[in-house]
Amino acid sequence: PGEMRRQVAAAAGMDPTELPFLAELVDVAGEHDRWRPAIETVLGGSARLLLVPRDRLQAFSAAIDPLRLRGRLTFEGVPSAEHRDLAGDPDRIAGKLLFKDHPFSAWVHRHVSDPARNALCVETAADLAGPGYRVTLAGQTRSGTRGTHGRAGTRDIIGFSSADAI
């Protein structure tokens, strides 16, 4: 994804730093580091989302359309806003994260706080029963009777200095 970011940035006449991946704008708070594997599991798909300034989305899309990328790049037009430190519920994914001071951080906070991603963090599989989306320390997830477990062999990418991992 990092090489694809460089390609699309060049095509759109943008600096790659203007196009962060969501993973680069969040990190696991130190006191919650033992939850990193669970958080990486839950946010894995979102973490690789390339964020594009919403006011440049049309021009960005037009500029990259002729490219033949080696892989699939998912992006989203995101509004800019002033950064604010927002506290989340420390029993949930969003409450275990730090948000980088960035114009997209308010959007990122809303995105990870969505009930589809903001799982309740529970210690063991015995705690998976109950309402809503839940994740164990080991990364098993359940929502009602539907669950998942395991990772696709990917390495951790969430963190303020994750550019090399992405």
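The analysis underlying the following values was restricted to heavy atoms, covering all of them including side chains, and did not include hydrogens, waters or symmetry mates.
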J.: Can you name the residues that form a salt bridge (charged side-chain N to carboxylate O under 4.0 Å, His left out) with E76, not counting sequence neighbours?
T.: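 With sequence neighbours excluded, E76 shows a salt bridge (charged side-chain N to carboxylate O under 4.0 Å, His left out) to no residue whatsoever.
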
J.: Between E24 and R48, is the closest basic N to carboxylate O distance under 4.0 Å?
T.: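 No, R48 and E24 are not salt-bridged.
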
J.: List for me each residue that meets side chain to side chain donor-acceptor pair (under 3.5 Å) alongside D55, sequence neighbours excluded, and say none if there are none.
T.: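 If we apply the side chain to side chain donor-acceptor pair (under 3.5 Å) test to D55, skipping adjacent residues, there are no hits.
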
J.: As an exercise, state the distance from CD1 of I93 to CG of D114, rounded to the nearest 0.5 Å.
T.: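 Between I93 CD1 and D114 CG, I get 13.0 Å after rounding to 0.5 Å.
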
J.: Provide the closest heavy-atom pair for A11 versus A63 in the form atom of the first, atom of the second, distance.
T.: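 Shortest heavy-atom separation between A11 and A63 comes out as O-CB, 3.4 Å.
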
J.: Mind running side chain to side chain contact (heavy atoms under 4.5 Å, CB included) on L97 and D27 for me, showing each step along the way?
T.: CA-CA 6 Å; L97 297 174; D27 206 347; over 6 Å; no

J.: Can you sort out the partners of D33 under side chain to side chain donor-acceptor pair (under 3.5 Å), two or more places apart, ordered by chain and number?
T.: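 Only R36 meet the side chain to side chain donor-acceptor pair (under 3.5 Å) criterion with D33.
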
J.: Please, which pairs that meet ring pair (Phe, Tyr, Trp, His ring centres under 6.0 Å) have at least one residue in residues 59-103, sequence neighbours excluded?
T.: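 Checked against ring pair (Phe, Tyr, Trp, His ring centres under 6.0 Å) - neighbours excluded - the pairs reaching residues 59-103 are F60-F75, F99-H109, H102-F104.
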
J.: If you count the non-hydrogen atoms of other residues, nucleotides and ligands that lie under 6.0 Å from CD in Q58, is the total more than 12?
T.: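 Not more than 12 within 6.0 Å, no.
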
J.: Do you know the tightest heavy-atom contact between H32 and P90?
T.: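 Taking every non-hydrogen atom into account, CE1-O, 4.2 Å.
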
J.: About how many Å separate CZ of R34 and CD1 of I39, when rounded to the nearest 0.5 Å?
T.: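 Spacing of CD1 (I39) from CZ (R34) equals 10.5 Å.
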
J.: Does some side-chain heavy atom of P53 sit less than 4.5 Å from a side-chain heavy atom of L19?
T.: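 Counting from C-beta outward, L19 and P53 do come under 4.5 Å.
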
J.: So if you build clusters from Ile, Leu, Val, Met, Phe, Trp, Tyr with side-chain heavy-atom gaps below 4.5 Å, do V122 and L137 land together?
T.: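 Unlinked, V122 and L137 end up in two clusters.
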
J.: Are W35 and L120 grouped together when hydrophobic residues (ILVMFWY) are joined by side-chain heavy atoms under 4.5 angstrom apart?
T.: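 Not linked; separate clusters.
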
J.: Closer than 4.0 angstrom, basic N to acidic O: yes or no for K96 and E31?
T.: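 Salt bridge flag = no for E31 with K96.
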
J.: Ignoring hydrogens, what is the shortest heavy-atom contact between R5 and P20? Give both atom names and the distance.
T.: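 Distance-wise, the nearest heavy atoms are NH1-CA, 3.6 Å.
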
J.: How many angstroms lie between atom CG of L25 and atom CG of L98, to the nearest 0.5 angstrom?
T.: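 L25 CG to L98 CG: 12.5 Å, rounded to 0.5 Å.
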
J.: Would V42 and L128 show up in the same hydrophobic cluster when neighbours are defined by side-chain heavy atoms closer than 4.5 Å?
T.: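 As far as the 4.5 Å side-chain criterion goes, L128 and V42 are not connected within one cluster.
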
J.: Evaluate the side chain to side chain contact (heavy atoms under 4.5 Å, CB included) criterion for residues V112 and N118: first the C-alpha distance (whole Å), next the side-chain angles of each, then the deciding distance (0.1 Å), finally the verdict.
T.: CA-CA 6 Å; V112 300; N118 197 16; over 6 Å; no

J.: List the atom of A94, the atom of S113, and the distance in Å for their closest heavy-atom pair.
T.: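 The pair with the smallest heavy-atom distance is CB-OG, 3.6 Å.
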
J.: Please give me the minimum heavy-atom distance between T41 and G139, naming the atom from each residue.
T.: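 T41 and G139 have their closest heavy atoms at CG2-O, 3.5 Å.
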
J.: Could you go through the side chain to side chain contact (heavy atoms under 4.5 Å, CB included) check for C121 and R92 one step at a time?
T.: CA-CA 5 Å; C121 299; R92 295 191 169 274; 5.6 Å; no

J.: Can you pull the side-chain hydrogen bond (donor to acceptor under 3.5 Å, both in side chains) pairs that have at least one residue in residues 133-142, sequence neighbours excluded?
T.: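 For residues 133-142, and leaving out neighbouring residues, the side-chain hydrogen bond (donor to acceptor under 3.5 Å, both in side chains) pairs sorted by first residue read T141-T148.
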
J.: Can R56 and M14 be said to form a side chain to side chain contact (heavy atoms under 4.5 Å, CB included), step by step?
T.: CA-CA 10 Å; R56 298 181 71 184; M14 298 174 74; 3.2 Å; yes

J.: Quick one: ring pair (Phe, Tyr, Trp, His ring centres under 6.0 Å) partners of W107, sequence neighbours excluded?
T.: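 W107 satisfies ring pair (Phe, Tyr, Trp, His ring centres under 6.0 Å) with H111 once adjacent residues are dropped.
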
J.: Quick check: do D85 and D101 have side-chain heavy atoms less than 4.5 Å from each other?
T.: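 No; the side chains remain at least 4.5 Å from each other.
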
J.: Do I158 and V78 land in one hydrophobic cluster if side-chain heavy atoms of ILVMFWY residues count as linked below 4.5 Å?
T.: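 Yes, one cluster joins them.
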
J.: Give a yes or no answer on whether the side chain of S61 reaches the backbone of L57 with a donor-acceptor pair at less than 3.5 Å.
T.: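 Yes: the side chain of S61 pairs with the backbone of L57.
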
J.: Looking at CG of L22 and OG of S105, how far apart are the two atoms once the value is rounded to the nearest 0.5 Å?
T.: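 It comes to 11.0 Å.
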
J.: So how far is it from M4 CE to L50 CG, rounded to the nearest 0.5 Å?
T.: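 With rounding to 0.5 Å, CE (M4) is 9.5 Å from CG (L50).
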
